Amino acid sequence: MYFQERMFNPIYVSRNYYNQIQTQIDNYNFQQNIEVEKAVRATHDLCSAVKNMDERHQQEAFCLCLAAMAQEFGW
């Protein structure tokens with residue numbers, strides 16, 4: 001409680017500094033939302049490509065895509 005009273009109290013913290021920090025947070029969240037949107041679009045593209053395959057190749061593509069993601073993320 002003491003920390004919050006000091007950290008967010010305008011008497012102790014410059015309003016301009018607080019607004020600058022808030023703007024940075026908002027910009028970060030905006031950029032992350034753009035990246036999420038890109039990932040969703042890419043997923044739709046992947047699904048469209050897989051729909052043109054027969055079931056056996058769809059399953060193979062699915063497993064290989066999971067393996068590629070696991071490798072990318074170091075799982």
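Values in this document were obtained by computation on a predicted structure and should not be read as measured data.
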| query | Less than 4.5 Å apart, any side-chain heavy atom of I21 and any of Y17? | reply | yes
| message | Taking atom CD as the centre, does E72 end up with more than 12 heavy-atom neighbours from other residues, nucleotides or ligands that are less than 6.0 angstrom away? | response |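 Incorrect, the count does not exceed 12.
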| message | Is it true that, when you exclude Q71 itself, more than 12 heavy atoms of the residues, nucleotides or ligands shown sit nearer than 6.0 Å to its CD? | response |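 It does not: Q71 CD has 12 such atoms or fewer within range.
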Any chance you could measure [X], atom [atom1], to [Y], atom [atom2], to the nearest 0.5 Å?
X   : Y   : atom1 : atom2 : result
Q20 : Q24 : CD    : CD    : 5.0 Å
F30 : T23 : CZ    : OG1   : 13.5 Å
E60 : D54 : CD    : CG    : 9.5 Å

| Can Q22 and Y18 be said to form a side-chain contact (heavy atoms from CB on, under 4.5 Å), step by step? | CA-CA 6 Å; Q22 191 61 47; Y18 180 78; 4.2 Å; yes
| said: Exactly one of E55, Q59, M53 should register a side-chain contact (heavy atoms from CB on, under 4.5 Å) with H57. Which one does? | reply: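 Exactly one pass, corresponding to M53.
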